[in-house]
There are 2 protein chains.
Amino acid sequence: MEKEITIYDIAKLLNLSPATVSRALNDHPAINSNTKSVIAAKAKEMGYRSNTFASNLRRQRTDTIGVIVPRLNSHFMSTVLAGMEKVVNKSSYNLIISQSLESVKKEIANAKTMFNSRVDGLLVSVAYDTDNTDHFDAFVKRGIPLLFFDRVLEHKQGTSIIIDNTKAGYEAVSHLIEQGCRRILYITGNLKRNVYADRLKGYRLALLEHGLPYLDELVMVTDLSQEAGIEAARLIQRMDKKPDGLFIANDLCAVSCMSALRKNGFSIPDDIAVVGFNNDPVSVVIEPNLTTIDYPGEKMGEIAAQSLINHLNGSLDIQNTNTIILHSELLIRQSSVKKGAN
Amino acid sequence: MEKEITIYDIAKLLNLSPATVSRALNDHPAINSNTKSVIAAKAKEMGYRSNTFASNLRRQRTDTIGVIVPRLNSHFMSTVLAGMEKVVNKSSYNLIISQSLESVKKEIANAKTMFNSRVDGLLVSVAYDTDNTDHFDAFVKRGIPLLFFDRVLEHKQGTSIIIDNTKAGYEAVSHLIEQGCRRILYITGNLKRNVYADRLKGYRLALLEHGLPYLDELVMVTDLSQEAGIEAARLIQRMDKKPDGLFIANDLCAVSCMSALRKNGFSIPDDIAVVGFNNDPVSVVIEPNLTTIDYPGEKMGEIAAQSLINHLNGSLDIQNTNTIILHSELLIRQSSVKKGAN
DNA sequence: TTTACTATTGCAATCGATTGCATGAATTTT
DNA sequence: AAAATTCATGCAATCGATTGCAATAGTAAA
């Protein structure tokens, strides 16, 4: 087991002071470039690695950004994370990732951990049932920048990065209506979450614009899991007046619902047309392929991370830039295109 | 912006020494329990949070465990991570997660980062093209315990946590043979990886045992992506002697291959029976539902983390426990059950 | 009453890197 | 040649928590 090398070891060997070694290793302009290269060479030779703790302790910062997401195992989320990592690495920051598993309780615990590990900034997409922002207050108080993405909270200063869910919902539902649907069921997640509430707004808007009535019974709140999709199919089966269109706020759920419906003898898109959300890879696995909303995950990650870093570097004030809206797009596939339409 | 509270602030206010405060907060037995509660109360009141860096610097450990995985966005991986988190939280360790995106280059970078952040231990599932373990040598040299799971490397001391891929492959292929398949195509990932190589062994074993010939042309090496599944379907289409069974080492790939095959007019399972691997949720979305190998992800995560922690606590020597094998299981669904068989 | 413990608490050094403020040498300006 | 700059480096304090080694008070044993 080898001994850990410090700047003192290097300094002693080169007859220099630790201060000089430290400055050299940080490429400080006051240090002679010859000295720098000598020190760099020696450091490498001795297998020196900087002690982050000493450094962090002294500098009062960690170069670390925390990320709290509901779940890791969605195509969307891991794309977002990839985008964040890309940006963050370039600026030599680090990422600490944790998942709330859709529970506020765990989210609170995660926030506390992040706080205690003194992240320089925090990127959050909130859980299913997060109600208030109390657990983030500590960050605000200490001036640690906080940025929400995708699933954002209402009464927050600080920046949010989102897509225009209202518009996306509007487009999805308009498309269904254009395909001849007249009774469109919206299967959604918790309406506390902006993403689902806004899509509902879009849904209502589309109905309104096309002169269709809005009916409470055609909005079904679920947890958008695969089981929820199956359960939804069961409920549809039992409905007196069956829907002829489905707008489901998550592809995975949509897909399991579709497959359950087909087992029950429904034909898609002819009996029921379906539009999902997220453009998950599974959407092109299912037959018929699922019409869905494509969602720029990687870019969202990049922009979120970049905004935070810019703020940390002082080149952008997050407080002033309030909301960044990214572009999303309806991808029309077979699941929603009725033969007779157009 | 509030000032950060330290043990010195608490000490001063209570007319005690910082040493006492530190001991009290760490529940040291030498401290009077009244004193302890007074200090605890004051700390809470003042909003004290321990400075991890100072602590880590002094104690020369971080209570942090690093995890490097190929990708986050698989059902399997996020289940593993959930298992790890569970265990790790219970022992008040933290997790740093990073993904190699299947590239050695990134894996090397990740390892370096982990090393520099001085993780107390490292859990790794290697990338597609990782050849050697040089980038982990630094850990071994410094005595930092290293544990591989699922995708493990050969010439390593230290523990590995795996399933018996040979047995799983054997069972999958035996099942296909029992269903009447005689030409079984194995679609695999890089054979450098134990998981894929071992499944191949099982494949060969099953053929051998049932008196079927092993043919090189019936092993197709791909990257197991969705595109690879489609490409595989195209190749099958072009084969003179078509296979009547498919064993595909990954559900997502299997599923896209199936759906491409069906588009080309193949009937599943009658023309071609299919078995996948991982029991990904998508396996019950596809029609017909995919027969697959169920893989205890959460448990794998738990055991991996627990073994590492036990080692760190000195209650288990990782060097001696060399390989832990978990139980896996063949889940038979419609994609592989031929009507005529049995 | 003296000695021996035990229970609590404090002192002060330590972990390794950073940085404001000198210091001394070399170079330029007047 | 003296004064003013510039360049390169060192000194020493600092970040906050931990811990070996006292020190003190209180209690029990002799």
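Numbers restart at 1 for each chain; the letters A, B, ... are given by sequence-line order, proteins then strands.
Using a 4.0 Å heavy-atom cutoff across all strands shown, A:Ser22 reaches at least one base atom of the nucleic acid. Using a 4.0 Å heavy-atom cutoff across all strands shown, B:Thr35 reaches sugar-phosphate atoms only and no base atom. Among the protein residues, A:Asn26 comes within range of the sugar-phosphate backbone only, with heavy atoms under 4.0 Å from sugar or phosphate atoms but none that close to a base. Base contact: B:Tyr8 has a heavy atom under 4.0 Å from a base atom. Using a 4.0 Å heavy-atom criterion, one finds that A:Asp9 contacts no nucleic acid atom at all. Counting non-hydrogen atoms under 4.0 angstrom, A:Leu25 reaches nothing in the nucleic acid.
For B:Ser50 and B:Arg23, each mapped to the nucleotide of DNA chain D holding its nearest heavy atom, the one lying further toward the 5' end belongs to B:Ser50.
For DNA chain C, the outermost nucleotides in 5' to 3' order that have an atom under 4.0 Å from a heavy atom of chain B are C:dT8 to C:dG16.
Distance A:Lys12 NZ to D:dC11 C1': 16 Å, rounded to the nearest Å.
Aromatic ring orientation, A:Phe148 versus A:Phe136: perpendicular (interplanar angle above 60°, classes split at 30° and 60°). Relative ring orientation between A:Phe115 and A:Phe139 is described as perpendicular, the plane-to-plane angle rising above 60° on a 0-90° scale split at 30° and 60°.
With A:Arg151 as reference, A:Val126 is the one residue of A:Val124, A:Val126, A:Ile162 to meet the side chain to side chain contact (heavy atoms under 4.5 Å, CB included) rule.
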